[in-house]
Amino acid sequence: MTQDIKVLIQDHDIILYDAVCVICSGWAKFLIKYDKSIQFKLVSAQSPLGVQLLEHYQMSTELYTTMVVVKDQVLYTESTALLKVMQHLGLPFSLMNFGYLMPRPIRDFLYRRVALNRYALFGTTNQCLIPSAENRKHFLEYALHDV
């Protein structure tokens, strides 16, 4: 299923997450719970659509080292990706905007310490986050099919 990536990016705000990472899957579950207006569509980096998106941005499709957020057609990675999402979830999460006061090199250094060691720190899972009838609208693949 080849999608016109430029159209997807134009039509949706997207979060790519590492589906085998325990903390990343937890992040996806957090978004399903707290992104009440479903501003962001989730995509597993390992899915065919996730691979297409990563290739579009010339990012590795084998070594996944950062969360990728596409908001208003702009690509964000590392700490800025996290902050960008949190600011759009409303209070109390938008209070993380104070994170922008920390210089980006320091924020990204801290982000990388966790991201590059996430498997050792939190482990991996072989259980994919399966969209249910209640939460499938949070996933980009289902949004494309339900149009």
Side-chain angles (χ1 to χ4, degrees), residues 3-125 128-129 131-132 134-144 146-147:
Q3 298 291 328
D4 184 349
I5 295 300
K6 291 181 182 178
V7 172
L8 290 178
I9 293 166
Q10 191 173 36
D11 293 346
H12 301 281
D13 293 330
I14 301 167
I15 298 173
L16 277 96
Y17 70 98
D18 181 354
V20 302
C21 168
V22 170
I23 194 170
C24 305
S25 293
W27 169 243
K29 291 174 187 174
F30 170 87
L31 290 167
I32 289 167
K33 183 174 181 176
Y34 293 107
D35 184 9
K36 304 281 188 205
S37 61
I38 311 171
Q39 299 173 71
F40 297 97
K41 298 295 183 188
L42 296 166
V43 179
S44 161
Q46 292 85 358
S47 70
L49 187 53
V51 169
Q52 280 183 272
L53 285 159
L54 289 169
E55 287 174 344
H56 174 77
Y57 286 108
Q58 300 175 351
M59 297 179 80
S60 174
T61 58
E62 294 178 21
L63 182 61
Y64 190 65
T65 60
T66 181
M67 174 178 34
V68 174
V69 173
V70 180
K71 175 81 177 121
D72 298 325
Q73 302 180 52
V74 177
L75 175 76
Y76 299 95
T77 60
E78 298 187 322
S79 65
T80 304
L82 174 66
L83 293 173
K84 187 59 65 176
V85 172
M86 297 303 273
Q87 81 183 78
H88 289 282
L89 294 183
L91 289 171
F93 310 109
S94 59
L95 293 174
M96 282 190 67
N97 275 341
F98 286 110
Y100 285 112
L101 297 175
M102 183 182 297
R104 184 175 179 171
I106 296 170
R107 283 188 288 135
D108 285 347
F109 173 81
L110 296 171
Y111 179 94
R112 274 187 233 110
R113 294 297 62 81
V114 174
L116 296 176
N117 295 294
R118 68 190 183 281
Y119 297 146
L121 293 170
F122 302 100
T124 60
T125 181
C128 294
L129 178 61
S132 66
E134 299 84 42
N135 69 23
R136 64 186 275 159
K137 58 189 168 264
H138 287 272
F139 292 85
L140 183 58
E141 289 92 345
Y142 289 96
L144 299 175
D146 293 343
V147 179

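Model, not experiment: these values are computed from the prediction.
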Should Met59 and Leu16 be marked as a side chain to side chain contact (heavy atoms under 4.5 Å, CB included) after you check the CA-CA gap, both sets of side-chain angles, and the distance that decides it? CA-CA 12 Å; Met59 297 179 80; Leu16 277 96; over 6 Å; no
Between Val85 and Tyr76, is a side chain to side chain contact (heavy atoms under 4.5 Å, CB included) present by the stated rule, with each step listed? CA-CA 10 Å; Val85 172; Tyr76 299 95; over 6 Å; no
Is there a side chain to side chain contact (heavy atoms under 4.5 Å, CB included) between Leu91 and Leu95? Walk through the geometry before answering. CA-CA 7 Å; Leu91 289 171; Leu95 293 174; 3.8 Å; yes
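The OH atom of Tyr111 sits 8.0 Å away from the OG1 atom of Thr77 when rounded to the nearest 0.5 Å. Taken to the nearest 0.5 Å, the OG atom of Ser79 stands 12.5 Å off from the CZ atom of Phe109. Put simply, CG on Asp108 and OG1 on Thr66 are 8.0 Å apart, with the number rounded to the nearest 0.5 Å. Here the CZ-CG distance, from Phe98 to Leu83, works out to 12.0 Å after rounding to the nearest 0.5 Å. Note that OG of Ser47 is 8.5 Å distant from CG of Leu54, once rounded to the nearest 0.5 Å. In this structure, CD1 in Ile15 is found 10.5 Å from NE2 in His138, a value given to the nearest 0.5 Å.
For Arg113, there are no salt bridge (charged side-chain N to carboxylate O under 4.0 Å, His left out) partners, not counting sequence neighbours.
Residues Ile9 and His56 are in side-chain contact: their nearest non-hydrogen atoms beyond the backbone lie under 4.5 Å apart. No side-chain heavy atom of Asp18 sits less than 4.5 Å from a side-chain heavy atom of Thr65. With a 4.5 Å cut-off on side-chain heavy atoms, Val20 and Tyr64 do not count as touching. For the pair Leu89/Asp35, a side-chain contact is recorded, criterion being any heavy-atom separation below 4.5 Å from C-beta on. Inter-residue side-chain proximity for Leu42 and Ile32 is flagged as met; some heavy-atom pair is nearer than 4.5 Å. For the pair Phe40/Val69, a side-chain contact is recorded, criterion being any heavy-atom separation below 4.5 Å from C-beta on. With contacts defined as side-chain heavy-atom distances shorter than 4.5 Å, the pair Tyr17/Leu31 does not qualify. Considering only heavy atoms from C-beta on, Gln87 stays 4.5 Å or farther from Met96 through its side chain.
Of all heavy-atom pairs between Thr80 and Arg107, the closest is OG1-NH1, 3.3 Å. When every heavy atom of Ala19 is checked against every heavy atom of Ser25, the shortest pair comes out as O-OG, 3.2 Å. Smallest separation of non-hydrogen atoms from Leu8 and Ile14: O-CD1, 4.1 Å.
The residues Glu78 and Arg112 are annotated as salt-bridged, a charged nitrogen and a carboxylate oxygen being separated by less than 4.0 angstrom.
Panel note: side chain Glu141, backbone Leu49; no donor-acceptor pair is recorded below 3.5 Å. With Tyr57 contributing its side chain and Val68 its backbone, the two residues share no donor-acceptor pair below 3.5 Å.
Between Trp27 and Phe30, the angle of the ring planes stays under 30°, which puts this pair in the parallel group of the 30/60° scheme.
Applying the salt bridge (charged side-chain N to carboxylate O under 4.0 Å, His left out) test to every pair with at least one member in residues 46-73, sequence neighbours left out, gives these pairs: Asp13-Lys71.
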